[in-house]
Amino acid sequence: MRIGRMNQRLQLQRVNSNAMTDRYGQQDEPFETFATVWASVMPLSGRELTQARQRQSLATHTIRMRFRNGIDETMRA
C-alpha cells in the first residue's frame with residue numbers, strides 16, 4: 001500500500017489494567033493509548049458489512065496500516 005493513502009492519524013488503545021475505580025465502582029480511565037499510527041480508514045460496502053455481522057462483530061470500517069507487533073483483538077481504534 002502506498003504511504004500517501006495512509007492519511008488518517010489513528011490511536012490504538014488497550015484496556016488499562018492499572019485503572020483506578022471511583023467511589024461508584026467505575027473505572028476512571030479504562031483505556032490507555034498503545035500507539036498512534038498513520039492509517040487508511042475506509043467504510044465497508046454493504047456486502048462486507050453483512051458478512052461482518054454474521055461473525056458476531058460490529059465492523060463498519062476497514063483500517064489498513066503498517067505491521068506493528070503487540071496488536072490484538074481486545075484493542076480499539
Side-chain angles (χ1 to χ4, degrees):
M1 171 174 247
R2 293 184 174 182
I3 192 70
R5 294 186 184 198
M6 294 185 201
N7 59 358
Q8 302 289 320
R9 200 71 170 151
L10 191 70
Q11 284 188 351
L12 300 174
Q13 297 180 337
R14 64 179 168 198
V15 175
N16 185 357
S17 59
N18 298 325
M20 302 294 290
T21 56
D22 61 12
R23 62 183 172 168
Y24 302 108
Q26 297 177 344
Q27 290 185 345
D28 291 335
E29 291 293 328
F31 287 92
E32 64 183 349
T33 301
F34 171 72
T36 303
V37 298
W38 287 101
S40 170
V41 181
M42 300 175 295
L44 291 176
S45 68
R47 181 177 176 195
E48 291 170 329
L49 186 59
T50 302
Q51 289 174 348
R53 287 196 178 145
Q54 288 177 354
R55 287 184 264 150
Q56 303 300 322
S57 64
L58 179 60
T60 59
H61 291 76
T62 298
I63 298 172
R64 289 188 179 187
M65 61 183 198
R66 299 212 181 262
F67 177 80
R68 186 173 188 99
N69 282 326
I71 297 175
D72 61 22
E73 67 279 355
T74 62
M75 295 182 179
R76 71 178 185 178

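Below, each value reflects all heavy atoms present in this structure, side chains not excepted, and no hydrogens, waters or symmetry copies.
- Shown here are the side-chain contact (heavy atoms from CB on, under 4.5 Å) partners of R68, two or more places apart in sequence or in another chain: F34, A35, V37, I71.
- The CG atom of N7 lies 8.0 Å from the CH2 atom of W38; values are rounded to the nearest 0.5 Å.
- Under the side-chain contact (heavy atoms from CB on, under 4.5 Å) criterion, D72 pairs with T74, M75, sequence neighbours left out.
- A distance of 11.5 Å separates CZ in R66 from OG in S40, rounded to the nearest 0.5 Å.
- Applying the salt bridge (Lys or Arg N to Asp or Glu O under 4.0 Å) test to R76 and every residue at least two apart in sequence or in another chain returns nothing.
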